[in-house]
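These numbers come from a predicted model, not from an experiment. Order of the sequence lines sets the chain letters (A, B, ...), proteins ahead of strands, with each chain counted from 1.
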Amino acid sequence: MIRLEKVNKWYGTYQALVDVDEHIAKGEVVVICGPSGSGKSTLIRTLNRLEPIKSGRILIDGQDIHAKDLDLNQFRSHIGFVFQQFNLFPHLTVLENCTLAPIRLRGLSRADAEKEAMVLLDRVGLAHKASAFPINLSGGQQQRVAIARALAMRPPLMLFDEPTSALDPEMVGEVLLVMRDLARDGMTMVVVTHEMGFAREVADRVLFMDQGRVLERAPAERFFQNPEHPRTQKFLADIRTPFSSAV
Amino acid sequence: MTTVELIDSYWVYFLVGQYPNGPLGGLALTLILASAALVLAMPLGVLFGLARLSPWRWLRWPVTALVFVVRGTPLLMVIFWAYFFLPSLTGFKTDQFTTMLIALVIFDAAYLSEIVRAGVQGLDRGQVEASRSLGFGYWRTMRWVVLPQALRTMLPSLVNQFVSTIKETSLGYIIGLTEISFIASQINTQVFTMPAQVYLILGLTYFVSCFGLSRFAFWLERRQTQRVSLTDNSKVT
Ligand SMILES: Nc1ncnc2c1ncn2[C@@H]1O[C@H](COP(=O)(O)OP(=O)(O)OP(=O)(O)O)[C@@H](O)[C@H]1O
Ligand SMILES: [Mg+2]
């Protein structure tokens, strides 16, 4: 479904992605992890062209996403993106957040869009908050609404950039549960996260990035039991015992 | 003649000019002119503001130049342009009201465009990214996500702009527009003996209108910051 070929990306003189080659199959759940600044966000943001690339190719469903004749907005509407900071629209209610794009872009009637949105809100456990404004929700609730908003465009592919990093610890679980259910329903997902429990249980494969390169890629099981690269081993050790390695 | 007699004999003239027996003037004309100018300048200011932020050079540069020229020019100059230059350019002469309206709209739009620009730029970048990632294009993002939020934060500035506009209408005096300052000076000529009282009343009238609106803007601003802090504390889980 997603194919990256020798993707290179520069921020000025800094190379943020180095020769990234990758293939992600339909229905696969891929977790990307790695130290801060390793290029995880950059990589996931190139997939819906929030970031341009310098060279290489990205194909989604066989379509070169940098092709001249690509309808960028149409293309993006088929990819759900969930941000670390939720980015809900504060001037709209929860329900309106979820119906704005379906009404304006998919051309649904308000009634149909609301019906669909309520199903999605129910799925993330927030149907009872439909008429609330984002500012009155907890972080975990906001992120679940953000997921529902993305799903409202019925994308076959969902991208998550550290969806739980901005949350208080007690709210991480509720968001991960929603994501797990989504994965079980067969959604193709690329998830940047440090939640190794989630990766172990839900991911099919894990990619480890460092300094703009994908250093290791392995099925989740093997990734955690037998990481090959020394950097991966150190990374996994560090996040298991963050305190002792810092001392 | 006493002040009471002055007010008694001229208050209608002061408020509406010669209306209904002649053209509308006075305070009514001032307020209508200021409102019309702001209402028309608003969409233009939004367009200018967006043009100045647009990624397209061919749109950004000319509008930026226009805004800079107008902002670096006294309103009086703009009025002279509209009064003397515009008719020779377009070939037909407009009346004083239209001339003044055109001048005010251009002048206000330039200032409003800066307010719009600040409002849009003050918005979190994540808002635009969220909208774009849903599939909204540049203009639709502006229409549905950016402007509704930016306009809300701009509301107090808009009221303040209205206050400025009311004061600016007094410059219509120089092209013989019968707004409130012009009427006051007419009354002064007729009465002749009471310039202090006449201009004091004129000053008071401006002050009451403008001060009232300024307070209103202040109240709007306070209500906004209050609403944010209030809802911040009442986060529920
Ligand atoms: N807009 C930008 N301009 C310049 N440099 C950038 C920009 N965005 C990211 N970078 C740099 O590119 C590198 C990769 O950044 P990226 O955000 O992809 O890392 P990350 O793996 O997501 O890190 P984190 O875990 O902190 O989110 C970093 O060194 C960062 O400083
Ligand atoms: Mg990141």
Side-chain angles (χ1 to χ4, degrees), chain A residues 41 44-45 47-51 71-92 96-106 129 132-142 146 149-155 158-159 161 166-168 170-171 174, chain B residues 42 46 49-50 53-57 115-116 118-158 220-237:
Chain A
S41 297
I44 202 167
R45 287 162 60 88
L47 297 182
N48 73 344
R49 272 183 63 182
L50 276 178
E51 296 287 351
D71 180 341
L72 180 61
N73 297 323
Q74 171 88 11
F75 155 74
R76 280 189 178 138
S77 71
H78 294 304
I79 300 177
F81 200 104
V82 176
F83 298 85
Q84 181 174 354
Q85 301 295 341
F86 332 133
N87 294 339
L88 290 181
F89 303 134
H91 60 300
L92 302 177
E96 287 164 345
N97 263 277
C98 299
T99 56
L100 183 67
I103 293 174
R104 300 297 159 195
L105 299 178
R106 280 172 59 207
K129 291 285 183 188
F133 280 90
I135 198 166
N136 293 318
L137 301 183
S138 70
Q141 291 172 328
Q142 290 193 47
R149 176 179 69 177
L151 290 173
M153 287 305 281
R154 306 182 164 272
M158 288 282 287
L159 309 175
D161 188 5
L167 297 178
D168 292 338
E170 76 269 19
M171 296 171 189
E174 63 192 65
Chain B
M42 188 63 211
V46 169
L50 291 184
L53 290 167
S54 85
W56 304 288
R57 238 177 299 171
I115 299 177
V116 171
V120 169
Q121 281 184 323
L123 211 65
D124 182 32
R125 212 168 60 102
Q127 289 292 306
V128 173
E129 289 190 346
S131 168
R132 297 305 295 264
S133 74
L134 281 168
F136 286 97
Y138 180 82
W139 293 111
R140 285 178 164 182
T141 295
M142 288 294 159
R143 167 67 185 85
W144 298 110
V145 176
V146 174
L147 281 180
Q149 296 184 57
L151 290 180
R152 209 166 298 195
T153 53
M154 279 166 49
L155 208 57
S157 313
L158 281 182
L220 280 176
E221 210 162 327
R222 265 228 333 241
R223 204 184 56 151
Q224 269 179 0
T225 48
Q226 259 176 8
R227 188 164 17 164
V228 170
S229 58
L230 204 105
T231 35
D232 260 355
N233 296 334
S234 66
K235 267 190 186 170
V236 282
T237 324

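The parts of Phe89(A) that come within reach of chain B are both its backbone and its side chain, each placing non-hydrogen atoms under 4.5 angstrom from that chain. If you measure heavy-atom distances from Ile79(A) to chain B, the contacts under 4.5 Å come from the backbone alone. Only the backbone of Leu88(A) comes within less than 4.5 Å of a heavy atom of chain B; no side-chain atom from C-beta onward does.
When every heavy atom of Ala130(B) is checked against every heavy atom of Arg149(A), the shortest pair comes out as CB-NH2, 3.5 Å. The two residues Phe136(B) and Leu105(A) come nearest to each other via the heavy atoms N-CD1, 3.7 Å. Shortest non-hydrogen contact noted between Ala150(A) and Leu134(B) is CA-CD2, 4.4 Å.
Under the salt bridge (charged side-chain N to carboxylate O under 4.0 Å, His left out) criterion, Arg45(A) pairs with Glu51(A), Glu129(B), not counting sequence neighbours.
Within the model, atoms CG of Leu92(A) and CH2 of Trp144(B) stand 10.0 Å from one another, a figure rounded to the nearest 0.5 Å.
Options Gln85(A), Gln74(A), Arg104(A), Glu170(A) differ in how many heavy-atom pairs under 4.5 Å they form with chain B, and the most are formed by Arg104(A). Comparing Ala101(A), Gly140(A), Pro155(A), Gly80(A) by heavy-atom pairs within less than 4.5 Å of chain B, the highest count is held by Ala101(A).
Under a 3.5 Å cut-off, the side chain of His91(A) and the backbone N or O of Ala150(B) do not form any donor-acceptor pair. Counting only distance, with no hydrogens or angles, the side chain of Asn48(A) and the backbone of Ser133(B) share no donor-acceptor pair below 3.5 Å.
For residues 132-144 of chain B, no residue pair satisfies the salt bridge (Lys or Arg N to Asp or Glu O under 4.0 Å) rule, not counting sequence neighbours.
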